[in-house]
Colleague: 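Quick one: the structure is below, and I'll ask about it shortly.
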Number of protein chains: 2
Amino acid sequence: MSNRRSNPDFLNGVPELLILQLLSTRAMYGYQIVQAIRLSTKGRLEFGEGCVYPILHRLEADGYITGQRETVAGRNRVVYRVTASGARRLQDQVSAWQMVVGAVENVLQGATHVEPGLA
Amino acid sequence: MSNRRSNPDFLNGVPELLILQLLSTRAMYGYQIVQAIRLSTKGRLEFGEGCVYPILHRLEADGYITGQRETVAGRNRVVYRVTASGARRLQDQVSAWQMVVGAVENVLQGATHVEPGLA
DNA sequence: GCTTATACCTCGAAGTTAGAGGCATGACAA
DNA sequence: TTGTCATGCCTCTAACTTCGAGGTATAAGC
């Protein structure tokens with residue numbers, strides 16, 4: 001889990017962020033999350049089941065979400081909800097993400113004004 | 001190179017983006033890039049040499065940058081410049097990055113208005 | 001009976017990243 | 001002179017994330 005790096009752990013991890021965010025809005029099950037990400041990003045982002053399910057299992061193992069089996073119309077589902085710990089995790093991930101976005105923006109906007117005193 | 005995915009290839013790839021961007025501003029050498037990223041992101045992002053050098057080699061192998069050996073004050077350096085192909089690559093990566101940022105923002109701002117018609 | 005949509009899952013390949021380490025020079029101090 | 005620091009290059013490996021392919025099963029519609 002997580003990383004031992006100094007960097008925000010967020011140069012990947014986007015799927016986890018989106019999943020946590022969606023679940024914080026309302027309880028959802030895996031298959032639904034797959035569709036929701038595609039729809040709510042207007043197809044710009046798409047994570048398959050092979051990506052989403054393992055993340056859900058990891059998040060549950062880490063105590064960030066809890067799963068509850070349901071049967072609706074002959075369909076078995078595992079409905080997930082964020083825990084208190086998961087809500088904190090989401091907050092952390094969101095600020096980490098925004099920090100990365102800000103840092104990248106700095107470089108892209110040529111904030112190279114701060115030049116290293118080399119050469 | 002690149003990926004065979006449908007997703008923008010950009011949930012990682014931030015180091016490459018920053019390196020290309022910095023090099024498009026002016027010619028730089030590896031060690032300098034390491035410092036420049038740390039400085040221009042105000043220490044928020046930091047990629048070590050073990051990360052930067054392999055990327056430089058890959059970018060050069062792909063024809064996105066060219067390296068030129070120099071010796072300054074007994075120091076050996078390899079100064080890199082972006083090629084025309086590298087400039088296009090940078091443009092692509094920048095728009096991919098902005099697309100991802102936009103998509104994530106959508107989800108974070110609860111643009112879940114577009115709900116999947118499931119359940 | 002076939003296909004499609006729903007719904008869960010695992011496996012394995014492929015890719016990125018980062019730390020640890022190695023090499024060599026020049027400068028500066030003890 | 002001997003150390004240490006900053007410079008400058010490099011590789012290797014471990015760890016991680018992601019994703020396609022594949023497997024199972026039910027219900028609905030043709």
Colleague: Mind calculating the distance between CD1 (B:I19) and P (C:dA18) to the nearest angstrom?
Modeller: 10 Å
Colleague: Using a strict 4.0 Å threshold on nitrogen-to-oxygen distance, state whether A:E70 and A:R75 make a salt bridge.
Modeller: no
Colleague: Whole angstrom is fine here: how far is it from CH2 in B:W97 over to P in C:dT16?
Modeller: 16 Å
Colleague: When the C1' atoms of the five terminal pairs at each end define the local axes, what inter-axis angle does the helix from C:dG1-D:dC30 to C:dA30-D:dT1 show, to 10 degrees?
Modeller: 0°
Colleague: Would you name the heavy atoms of B:G30 and B:V52 that are closest together and state the gap between them?
Modeller: O-CG1, 4.2 Å
Colleague: What integer distance in Å separates B:D62:CG from C:dG15:P?
Modeller: 12 Å
Colleague: Say whether, by atom type as modelled, one donor and one acceptor occur between the side chain of A:T71 and the main chain of A:G74 under 3.5 angstrom.
Modeller: no
Colleague: Starting at the 5' end of DNA chain D and moving along, which residue's nearest nucleotide shows up first, A:A73 or A:E16?
Modeller: A:E16
Colleague: Whole-Å distance between D:dT17 P and A:L17 CG?
Modeller: 14 Å
Colleague: So which protein nitrogen or oxygen atoms get under 3.5 Å of nucleotides 8-11 of chain C's nitrogens or oxygens?
Modeller:
from, atom 1, to, atom 2, distance (Å)
C:dC8, OP1, A:V78, N, 2.9
C:dC8, OP2, A:G30, N, 3.4
C:dC8, OP2, A:Y31, N, 2.6
C:dC8, OP2, A:Y53, OH, 2.8
C:dC8, O5', A:Y53, OH, 3.2
C:dC8, N4, A:E49, OE1, 2.9
C:dC9, OP1, A:H57, NE2, 3.4
C:dC9, OP2, A:H57, NE2, 3.2
C:dT10, OP2, A:H57, ND1, 3.4

Colleague: What distance separates B:L59 CG from B:L90 CG, expressed to the nearest 0.5 Å?
Modeller: 10.5 Å
Colleague: Could you tell me how far apart B:Q35 (CD) and D:dC9 (C1') are, to the nearest whole angstrom?
Modeller: 13 Å
Colleague: How long is the line joining CG of B:L18 and P of C:dT16, in whole Å?
Modeller: 15 Å
Colleague: Atom OH of A:Y80 and atom CG of A:L20: how far apart are they, to the nearest 0.5 Å?
Modeller: 12.5 Å
Colleague: What's the CE-P distance between B:M28 and D:dT7, to the nearest Å?
Modeller: 13 Å
Colleague: For B:S40 and A:V107, work out which heavy atoms get closest and say how close.
Modeller: OG-CG2, 3.5 Å
Colleague: So which of A:Q21, A:Q98, A:E16, A:R88 actually passes side-chain hydrogen bond (donor to acceptor under 3.5 Å, both in side chains) with A:Q93?
Modeller: A:E16
Colleague: Please report, rounded to the nearest Å, how far the C1' atom of C:dT6 is from the CD atom of A:E70.
Modeller: 15 Å
Colleague: B:R58 has a side chain; which of C:dT16, C:dA18, D:dT18 sits nearest to it?
Modeller: C:dT16
Colleague: Can you give me the closest heavy-atom contact between A:V34 and A:F47, atom names plus distance?
Modeller: CG1-O, 3.5 Å
Colleague: Report the nucleotide, chosen from C:dA7, D:dT18, C:dT17, that has the shortest atom-to-atom distance to any side-chain atom of A:R75.
Modeller: C:dA7
Colleague: When hydrophobic residues are tied together by side-chain contacts of less than 4.5 Å, even through go-betweens, does A:V94 share a cluster with B:V100?
Modeller: yes
